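If you're wondering where the values come from, they're calculated on a predicted model, not measured in any experiment. Side chains included, hydrogens not; waters and symmetry mates left out as well; all remaining heavy atoms used. Proteins come first, then strands; the chains are lettered A, B, ... in the order of their sequence lines, and each starts at number 1.
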Number of protein chains: 2
Amino acid sequence: MDTRSSIIEATAELLARSPSGDVSTRAVSEAAGVQQPVLYRLFGDKSGLLRATVDYVWDQYLGSKRAAEKSDDPLEDLRAGWDSHTAFALAHPNAYKLMFSSALDSEPEAAEEAMRILREVLERLAKQGRLRVTPDMAARMVMTANTGVALALITRPRLYPDQNLSVMVRDAIHRAILLAPEGTAAHAADAAAHDARRAAATTLLSSVDEFTPQPFTPAESALLKQWLAQIAGSGQPS
Amino acid sequence: MDTRSSIIEATAELLARSPSGDVSTRAVSEAAGVQQPVLYRLFGDKSGLLRATVDYVWDQYLGSKRAAEKSDDPLEDLRAGWDSHTAFALAHPNAYKLMFSSALDSEPEAAEEAMRILREVLERLAKQGRLRVTPDMAARMVMTANTGVALALITRPRLYPDQNLSVMVRDAIHRAILLAPEGTAAHAADAAAHDARRAAATTLLSSVDEFTPQPFTPAESALLKQWLAQIAGSGQPS
DNA sequence: CGCTTGGTGTTATCGTCGATGACATGGATA
DNA sequence: TATCCATGTCATCGACGATAACACCAAGCG
């Protein structure tokens with residue numbers, strides 16, 4: 001086993017198990033069975049070690065995901081890319097934080113690769129004339145929103161318990177950068193109906209308590225609100 | 001001058017000038033003219049000191065912005081809130097990173113207050129029947145996207161040079177959570193809300209049976225429909 | 001073969017950091 | 001006046017990132 005590789009693997013292991021999201025060079029060198037100066041000769045400094053580790057973890061995850069090849073519809077790839085990004089963040093929160101929250105002094109290659117993959121999908125969409133903004137602008141909008149959602153899910157899971165959040169923000173951004181698909185009228189009608197239901201439930205939910213005179217008992221109100229919330233919160237495909 | 005206040009001000013000063021975004025307790029105690037243990041007695045630990053400092057900086061910024069009072073259009077307030085959030089991040093990047101990137105073990109009050117202000121505006125919109133999702137969901141969507149944009153602008157300014165990015169993402173999210181404005185904005189809010197309420201009840205009433213999968217038992221459906229009919233048929237203004 | 005050279009790893013140590021125990025001081029209170 | 005608590009200081013600890021100095025060893029070359 002390559003010394004460099006075993007150090008990186010030890011770092012990845014410790015990082016994944018670290019509650020604080022940090023790792024000491026001493027712990028790494030001990031786990032890898034070497035002395036500290038080895039790390040500094042191979043990686044320059046701690047930041048370099050972490051950067052190499054993040055790239056390693058990212059490559060591993062991406063490799064296991066690359067089985068899902070490019071579909072013929074770039075929109076599908078765009079959605080899959082977003083979901084994959086979010087899933088990686090949840091699967092490797094500490095590595096993800098290092099990747100985007102940037103305690104590192106220089107950007108990991110993984111962050112640039114994520115951006116590259118995203119831009120490539122967007123350029124395919126642009127070639128089909130389905131983008132309403134430049135691929136660059138679209139890439140920035142998608143990437144910033146995606147990292148925002150992912151970091152929130154990671155660092156404040158209690159505040160963001162909703163499983164649909166990522167998909168909702170995803171579709172919000174996608175609708176903003178994409179031209180509306182011309183066909184699929186039936187599908188659009190379905191979505192519109194579903195949307196109207198949720199909007200109606202939301203509207204009612206916010207005003208049930210203010211009916212005057214109040215036609216419901218408190219218990220009735222509570223039950224009604226619970227049902228309305230269920231309708232308002234029901235997930236919706238694009 | 002209060003010792004606690006002068007320590008916080010010294011910390012804020014050092015934090016603003018710190019290239020790394022970090023501050024040592026030694027530097028703080030020296031700048032404030034006290035010894036280290038004072039910090040630990042007043043703030044518990046370094047995290048507590050930073051949290052107090054973030055709250056202080058945020059309050060200062062918010063105070064200078066509170067001159068812009070609530071307008072009569074909550075949508076204007078929603079946009080202003082987003083822009084204000086982004087502007088704060090750019091004006092106080094280190095404080096902002098502490099606020100949302102969370103090296104802190106517990107959340108600063110400032111982060112919760114930002115969320116509170118946002119939710120309040122969204123609830124005003126919901127009462128006017130202009131939200132297509134629950135205020136909670138809307139708040140999460142707006143907050144995550146906004147922090148994502150702000151963190152990207154702060155930590156990767158070279159990758160995100162576009163000045164329009166924040167506004168583009170802002171409007172993308174707002175379009176996704178808001179109903180398209182139907183008529184003129186001159187409609188009286190109360191009447192519109194009342195109309196919207198009855199219309200919402202009618203809309204829901206006609207589709208309760210068509211939910212797939214059906215989330216309610218037949219008995220629940222029956223009761224829900226009875227209540228909705230009551231709301232839909234109510235003629236009294238609120 | 002014997003000598004050099006460069007890659008690899010070790011030992012010992014530095015300066016900084018967050019944190020804390022033990023002690024001093026000074027004013028309010030009983 | 002005696003007591004007590006709030007406030008602050010001095011001295012120090014253990015963990016950390018980082019580095020200088022040295023040890024080993026196989027490859028290349030006269």
Side-chain angles (χ1 to χ4, degrees), chain A residues 1-57 94-95 97-99 101-108, chain B residues 1-57 94-95 97-99 101-108:
Chain A
M1 167 87 70
D2 190 358
T3 305
R4 182 187 166 92
S5 301
S6 66
I7 289 175
I8 289 180
E9 283 182 22
T11 309
E13 173 80 12
L14 288 175
L15 185 64
R17 303 197 185 287
S18 162
S20 71
D22 199 16
V23 171
S24 78
T25 60
R26 278 174 167 81
V28 168
S29 66
E30 184 178 359
V34 296
Q35 297 293 328
Q36 274 184 278
V38 176
L39 311 186
Y40 290 88
R41 188 174 53 75
L42 289 177
F43 303 98
D45 58 1
K46 183 182 182 180
S47 173
L49 168 64
L50 292 178
R51 193 163 355 131
T53 304
V54 167
D55 286 340
Y56 166 78
V57 175
N94 290 337
K97 275 193 259 184
L98 286 177
M99 211 167 141
S101 167
S102 185
L104 277 45
D105 47 321
S106 102
E107 213 161 340
Chain B
M1 168 87 69
D2 190 357
T3 304
R4 183 187 167 92
S5 301
S6 65
I7 289 176
I8 289 180
E9 284 183 20
T11 308
E13 173 80 12
L14 288 176
L15 184 65
R17 302 197 184 289
S18 162
S20 72
D22 199 18
V23 171
S24 77
T25 60
R26 281 175 165 79
V28 168
S29 65
E30 184 179 0
V34 296
Q35 297 293 328
Q36 274 182 281
V38 176
L39 311 185
Y40 290 88
R41 189 175 50 78
L42 289 177
F43 302 99
D45 58 1
K46 184 182 180 180
S47 173
L49 169 63
L50 292 177
R51 195 168 40 229
T53 304
V54 166
D55 286 341
Y56 166 78
V57 175
N94 290 336
K97 274 194 261 186
L98 286 177
M99 210 167 140
S101 167
S102 184
L104 278 45
D105 47 320
S106 103
E107 212 162 342

Taking B:Asp105 for its side chain and B:Ser47 for its backbone only, find out whether a donor-acceptor pair lies under 3.5 Å.
no
Polar atom pairs between nucleotides 15-17 of chain D and protein, under 3.5 Å, N or O only, would you list them?
from: D:dG17; atom 1: OP1; to: A:Lys46; atom 2: NZ; distance (Å): 2.5
from: D:dG17; atom 1: OP2; to: A:Thr25; atom 2: N; distance (Å): 2.8
from: D:dG17; atom 1: OP2; to: A:Thr25; atom 2: OG1; distance (Å): 2.8
from: D:dG17; atom 1: N7; to: A:Arg26; atom 2: NH1; distance (Å): 2.8
from: D:dG17; atom 1: O6; to: A:Arg26; atom 2: NH2; distance (Å): 3.1

Residues B:Tyr56, B:Thr11; criterion side chain to side chain contact (heavy atoms under 4.5 Å, CB included); working and verdict
CA-CA 10 Å; B:Tyr56 166 78; B:Thr11 308; over 6 Å; no
Separation of A:Arg4 atom CZ from C:dG9 atom P, in whole Å?
12 Å
What is the distance, rounded to the nearest whole Å, between atom CG of B:Leu14 and atom P of C:dC17?
12 Å
Whole angstrom is fine here: how far is it from CD in B:Gln35 over to P in D:dC10?
5 Å
Please answer whether the main-chain N or O of A:Leu39 pairs with a side-chain N or O of A:Lys46 as donor and acceptor at a distance below 3.5 Å.
no
Look at B:Thr3 and D:dT7 and indicate whether a side-chain polar atom (N or O) is within less than 4.0 Å of OP1 or OP2.
no
Rounded to the nearest 0.5 Å, the CG atom of A:Asn94 sits from the OG atom of A:Ser101 at a distance of 11.0 Å
Between the CG atom in B:Leu98 and the CG atom in B:Asp22, the distance rounded to the nearest 0.5 Å is 8.0 Å
Can you tell me how far P of D:dT19 sits from CG of A:Leu39, to the nearest Å?
12 Å
Which value, rounded to the nearest 0.5 Å, describes the distance between B:Met99 atom CE and B:Asp55 atom CG?
8.0 Å
Within this structure, what is the CG-to-P distance between B:Leu49 and C:dA19, rounded to whole angstrom?
10 Å
Just the rounded figure in Å: distance from C1' of C:dT25 to CZ of B:Arg41.
13 Å
Which atom pair, heavy atoms only, marks the closest approach of B:Val23 to B:Ser18?
CG2-CB, 4.5 Å
Review item, nucleotides 22-26 of chain D N/O atoms under 3.5 Å of protein N/O:
none

Carboxylate-amine/guanidinium contact B:Glu30 B:Arg26, below 4.0 Å
no
